[in-house]
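Presented below is the structure to which this report refers.
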Amino acid sequence: QVQLVESGGGLVQPGGSLRLSCPASGNIFEISNMGWYRQAPGKQRELVATIRRSGTSIYVDSVKGRFTISIDNTKNTVYLQMNSLKPEDTAVYYCYANIRVESRETFRTFWGQGTQVTVTS
């Protein structure tokens, strides 16, 4: 099976930084793209950023210029560098990856368990 495990969340003051990591492990034939969603209390889950193995990335407008997504293809790991954090960034952050486990299978989406990010003074 495939596992994704996030790390790097925590409590930080406004203006601070955190770096999230999420390695994918297990039976992986190919990864097409990886990324991050977040879900704040009482709100729907929203896409924060996504990145292809080529490095092409997309961000939600609210994090542009503050967050940077990157991928290490040799380690099947996606990162999210979060700078200039704001209280409205508080949420559980989930990583995902679109993976196929065999050459003849289609890509499926796998999720991590989530990591809490809290921005407060």
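Remember, predicted model here, so these are calculated numbers, not experimental data.
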Pairs satisfying salt bridge (charged side-chain N to carboxylate O under 4.0 Å, His left out), at least one member in [range], at least two apart:
range            : answer
residues 105-114 : E105-R108
residues 51-64   : D61-K64
residues 13-28   : none

Rounded to the nearest 0.5 Å, what separation is found between the [atom1] atom of [X] and the [atom2] atom of [Y]?
X   : Y   : atom1 : atom2 : answer
C95 : L20 : SG    : CG    : 9.0 Å
I31 : N73 : CD1   : CG    : 8.0 Å
M34 : S70 : CE    : OG    : 10.5 Å
S62 : E88 : OG    : CD    : 8.5 Å
I28 : I99 : CD1   : CD1   : 4.5 Å

Could I get the full list of ring pair (Phe, Tyr, Trp, His ring centres under 6.0 Å) partners for Y37, not counting sequence neighbours?
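By the ring pair (Phe, Tyr, Trp, His ring centres under 6.0 Å) rule, Y37 matches Y96, W111.
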Can you confirm whether more than 12 heavy atoms, excluding those of L11, are under 6.0 Å from its CG atom?
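Yes, CG of L11 has more than 12 neighbouring heavy atoms, counting only those of other groups under 6.0 Å.
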Is it the case that atom CD in Q1 sees more than 12 heavy atoms from other parts of the structure closer than 6.0 Å?
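Not buried by this count: 12 neighbours or fewer within 6.0 Å.
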V48 and Y59: side chain to side chain contact (heavy atoms under 4.5 Å, CB included), yes or no, with the steps?
CA-CA 6 Å; V48 177; Y59 299 88; 5.9 Å; no
Kindly write out the residues that satisfy side-chain hydrogen bond (donor to acceptor under 3.5 Å, both in side chains) with [X], not counting sequence neighbours, or none if the list is empty.
X    : result
T109 : N98
T120 : none
T74  : D72
S54  : T56

Hydrophobic cluster membership, with links at side-chain heavy-atom distances under 4.5 Å among I/L/V/M/F/W/Y: are [X] and [Y] in one?
X    : Y    : value
I69  : F110 : yes
F107 : L4   : no
V60  : I51  : yes
Y94  : L47  : yes

Please list, chain by chain and in numerical order, all residues satisfying salt bridge (Lys or Arg N to Asp or Glu O under 4.0 Å) with R38, sequence neighbours excluded.
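If we apply the salt bridge (Lys or Arg N to Asp or Glu O under 4.0 Å) test to R38, skipping adjacent residues, the hits are E46, D89.
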Which residues pass the salt bridge (Lys or Arg N to Asp or Glu O under 4.0 Å) test with E102, sequence neighbours left out?
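Counting only residues at least two positions away or on another chain, E102 forms a salt bridge (Lys or Arg N to Asp or Glu O under 4.0 Å) with R104.
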What side-chain donor-acceptor pairs closer than 3.5 Å can you find for residues 75-82, not counting sequence neighbours?
from, atom 1, to, atom 2, distance (Å)
T77, OG1, K75, O, 2.9
Q81, NE2, N83, OD1, 2.9

Show the numbers, then the answer: is there a side chain to side chain contact (heavy atoms under 4.5 Å, CB included) between C22 and W36?
CA-CA 9 Å; C22 179; W36 297 89; 3.7 Å; yes
When you compare the side chain of V101 with that of F29, does any pair of heavy atoms fall below 4.5 Å?
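The answer is no, as the side chains (C-beta and beyond) never meet within the 4.5 Å cut-off.
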Ignoring hydrogens, what is the shortest heavy-atom contact between S17 and S84? Give both atom names and the distance.
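Here S17 and S84 meet closest at OG-N, 4.4 Å.
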For side chain to side chain contact (heavy atoms under 4.5 Å, CB included), just list the numbers for L18 and L85, CA-CA rounded to whole Å, side-chain angles, deciding distance to a tenth of an Å, and then say yes or no.
CA-CA 8 Å; L18 286 174; L85 282 161; 4.1 Å; yes
Take Q39 and Y93 through the side chain to side chain contact (heavy atoms under 4.5 Å, CB included) test and state the conclusion after the steps.
CA-CA 7 Å; Q39 187 165 21; Y93 284 70; over 6 Å; no
With a 3.5 Å cut-off and sequence neighbours excluded, list the donor-acceptor pairs that the side chains of residues 112-119 form with protein atoms.
from, atom 1, to, atom 2, distance (Å)
Q113, NE2, E6, OE1, 3.3
T115, OG1, G9, N, 3.4
Q116, NE2, A91, O, 3.4
Q116, NE2, T118, OG1, 3.3

